[in-house]
**Student:** 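Pasting a structure here, questions to come.
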Amino acid sequence: MDEIEVPEYFLCPISLQILKDPVTTITGITYERESIEQWLKAAKSNPTCPVTKQSLPRDSELTPNHTLRRLIQSWCTVNAINGVDRIPTPKSPIKKSQIFRLIKDLDAPDDHLRTKALRRMEAIAKENERNRTCMVEAGVTKAAVLFIIKCFKEGKTAGLEEVLRILHLIWNQSQEIKLLVRENQDFIDSLTWILRCDQIDNHVDVKTHAMILLHKTTEIVCQKLLESLKVDFFKEIITRVLRKRISKQAVKSSLLVLTEVCQWGRNRMKIVEANAVFELIELELEKPEKNITELIFNILAQLCSCADGREQFLKHAGSIAMISKRVLRVSPATDDRALHILDSISKFSASDEAALEMLRVGAVSKLCMVIQADCAPYLKKKAKGILRLHSHLWNNSPCIAVYLLTRYPG
């Protein structure tokens, strides 16, 4: 193939590759459809034709060059013996009128017709970004959101799998999604309902997509909605996703949701009430991937900033030992959050039991290692501060040298 000379006019002026889906612009120059569409999309303002430099509006009509395509296909056939692959005839671009008809079918009384329309939409969305953009412009985003809410209110599950995948595929292309869900409690309730609904075919895939969309939603909804979340919202996430470990994607999305909403209103108390601390520790004891550990420690640090969170943390027999083992073994971010947790526990525990447990499981020794390790100065300072808090309990222990408390003055 490298030795074959390809006619110059068979090549796209942008990609310099053989044209597979040639289209001609209003300036008379032919390009590969995907290349010129990306060019127009990437232009910050007043896009121009790459060859002629003439003005080329973003919504310019791109006319398929069937004659050139046939010439290229014939040339490929002739040169097949030299290793040239034949170029298949490209599919015609999807039209908004086709999407409008599919959207209309979503209101049909027949479940079979609705599901068929959704499957066709999903297939179209999977083909390419151009189709997804067309779907957004035709109003699929709103139709999908309303369909999910309707399923929730009517208690029906037919079509949920397909509509969740469609919404996931077109989410980033849609500018209107924020307007649709920003103050939409029904949409959050619908996704939460999916998590607890057990009468769904392929429930792992469905609930995973629902959890991913729930995370995307919490990133853009208004503060008022985040502050008004109920304890049941957190219970569904913790018991249906975290505890059951339905999939890695779902677990990560659930942790991202908790991280996102933890800072608002009384959500920390609600998350603690939903028994999150215990489940987070249990998840971390399974030694998950680094990014999951960092999310877990971040959430635990926030929950341990309140009394009920610290109480629940200390009730777990392996909590302090788990924190101790992760220090200096995962990442600086994990070290920061781990020391924050140990600092909270040390400062606010009503008895000496927590401090003695830190000694028993090696947390005190690990704090001494932090002082000596090559880590950030502020972490060393925090470790020394924790050590001083209970020096009266730890000074005579064989696991800690007294000089560590005096050699490095604060």
Side-chain angles (χ1 to χ4, degrees), residues 1-44 46-103 105 116-141 162 165-174:
M1 175 68 182
D2 293 337
E3 299 176 359
I4 300 173
E5 185 176 348
V6 181
E8 185 178 349
Y9 59 94
F10 284 5
L11 302 177
C12 171
I14 297 175
S15 69
L16 301 181
Q17 301 297 313
I18 294 179
L19 293 158
K20 297 179 180 179
D21 186 6
V23 292
T24 304
T25 65
I26 58 174
T27 60
I29 306 299
T30 297
Y31 299 94
E32 177 64 33
R33 182 187 292 277
E34 185 177 351
S35 296
I36 190 61
E37 285 180 344
Q38 288 296 326
W39 172 276
L40 293 172
K41 184 177 180 181
K44 293 182 179 179
N46 302 322
T48 58
C49 173
V51 173
T52 67
K53 306 305 179 186
Q54 293 176 284
S55 178
L56 194 62
R58 293 180 199 278
D59 57 354
S60 296
E61 185 176 349
L62 301 175
T63 306
N65 192 330
H66 298 300
T67 302
L68 179 57
R69 175 179 53 77
R70 292 190 189 101
L71 284 172
I72 294 172
Q73 286 177 325
S74 297
W75 179 86
C76 289
T77 301
V78 170
N79 287 279
I81 57 174
N82 297 316
V84 177
D85 295 329
R86 187 182 185 281
I87 294 173
T89 301
K91 292 183 178 180
S92 299
I94 200 73
K95 296 179 180 178
K96 287 184 183 179
S97 58
Q98 296 172 270
I99 305 299
F100 290 147
R101 285 195 293 271
L102 292 172
I103 292 174
D105 287 344
K116 183 179 178 181
L118 287 167
R119 287 174 179 168
R120 176 60 183 145
M121 280 188 190
E122 183 185 351
I124 291 170
K126 284 181 176 178
E127 282 184 8
N128 52 55
E129 186 175 336
R130 181 175 67 249
N131 285 0
R132 292 190 286 274
T133 300
C134 179
M135 291 172 71
V136 168
E137 292 173 353
V140 171
T141 308
E162 291 80 8
R165 285 204 290 258
I166 292 167
L167 195 53
H168 181 249
L169 285 167
I170 66 175
W171 187 280
N172 293 334
Q173 271 82 17
S174 176

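In what follows, every heavy atom counts, from backbone to side chain, and hydrogens, waters and symmetry copies are set aside.
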**Student:** Can you give each donor-acceptor pair under 3.5 Å made by side-chain atoms of residues 35-42, sequence neighbours left out, with the distance rounded to 0.1 Å?
**Tutor:**
| from | atom 1 | to | atom 2 | distance (Å) |
| --- | --- | --- | --- | --- |
| E37 | OE1 | R130 | NH1 | 3.3 |
| W39 | NE1 | T48 | O | 2.8 |
| K41 | NZ | E129 | OE2 | 2.0 |

**Student:** By the definition salt bridge (charged side-chain N to carboxylate O under 4.0 Å, His left out), identify the one residue from R120, K116, R119 that meets it with E162.
**Tutor:** R119
**Student:** If I compare all heavy atoms of S55 with all of I26, which pair ends up nearest, and what's the gap?
**Tutor:** O-CD1, 4.5 Å
**Student:** Considering non-hydrogen atoms only, spot the tightest contact between L118 and I166 and give its length.
**Tutor:** O-CD1, 3.3 Å
**Student:** Taking N128 for the side chain and N131 for the main chain, is one N or O donor matched with an acceptor at less than 3.5 Å?
**Tutor:** yes
**Student:** Rounded to the nearest 0.5 Å, what separation is found between the CG atom of N65 and the OH atom of Y31?
**Tutor:** 13.0 Å
**Student:** If you count every heavy atom of other residues, nucleotides or ligands that lies below 6.0 Å from E34 atom CD, does the total exceed 12?
**Tutor:** no
**Student:** Which pair of non-hydrogen atoms, one from A138 and one from F100, has the smallest distance, and what is that distance?
**Tutor:** O-CE2, 3.3 Å
**Student:** Measuring from atom NZ of K91 to atom CD1 of I124, what distance do you get when rounded to the nearest 0.5 angstrom?
**Tutor:** 9.5 Å
**Student:** Are side-chain N/O atoms of T63 and T24 paired as donor and acceptor at under 3.5 Å?
**Tutor:** no
**Student:** Working note: V140 + L102, criterion side chain to side chain contact (heavy atoms under 4.5 Å, CB included); need CA distance, chi angles, decisive distance, verdict.
**Tutor:** CA-CA 9 Å; V140 171; L102 292 172; over 6 Å; no
**Student:** Is it the case that the side chains of H168 and R165 hold a donor-acceptor pair, with the cut-off being a distance below 3.5 Å and no angle test?
**Tutor:** no
**Student:** Determine yes or no for a side-chain-to-main-chain donor-acceptor pair under 3.5 angstrom, with R33 supplying the side chain and V23 the backbone.
**Tutor:** no
**Student:** Start with the C-alpha distance between T30 and Y9, add both sets of side-chain angles, then the distance that settles side chain to side chain contact (heavy atoms under 4.5 Å, CB included), and finish with yes or no.
**Tutor:** CA-CA 9 Å; T30 297; Y9 59 94; over 6 Å; no
**Student:** Nearest 0.5 Å, please: how far is CD in Q73 from OG1 in T89?
**Tutor:** 4.0 Å
**Student:** In terms of side-chain heavy atoms, does S15 have a donor or acceptor partner in Q17 at a distance below 3.5 Å?
**Tutor:** no
**Student:** Is there a side-chain contact between K20 and P90 (heavy atoms, below 4.5 Å)?
**Tutor:** no
**Student:** In chain order, what residues pass the salt bridge (Lys or Arg N to Asp or Glu O under 4.0 Å) check against R101, with sequence neighbours excluded?
**Tutor:** none
**Student:** Work out which heavy atom in I87 is nearest to a heavy atom in L19; give both atom names and the distance.
**Tutor:** CD1-O, 3.4 Å
**Student:** Between L68 and P22, what is the shortest heavy-atom contact and its length?
**Tutor:** CD2-CB, 4.3 Å
**Student:** Please report the closest heavy-atom contact between K95 and C134, naming both atoms and the distance.
**Tutor:** C-SG, 4.1 Å
**Student:** Output the distance between atom SG (C12) and atom CG (D21), rounded to the nearest 0.5 Å.
**Tutor:** 11.0 Å
**Student:** Using 0.5 Å steps for rounding, measure from the CD1 atom of I18 to the CZ atom of F10.
**Tutor:** 8.5 Å
**Student:** Less than 4.5 Å apart, any side-chain heavy atom of I94 and any of M135?
**Tutor:** no
**Student:** Could you give me the CA-CA distance, side-chain angles and deciding distance for E32 and I14, then say whether side chain to side chain contact (heavy atoms under 4.5 Å, CB included) is met?
**Tutor:** CA-CA 8 Å; E32 177 64 33; I14 297 175; over 6 Å; no
**Student:** Should S74 and V78 be marked as a side chain to side chain contact (heavy atoms under 4.5 Å, CB included) after you check the CA-CA gap, both sets of side-chain angles, and the distance that decides it?
**Tutor:** CA-CA 6 Å; S74 297; V78 170; 5.6 Å; no
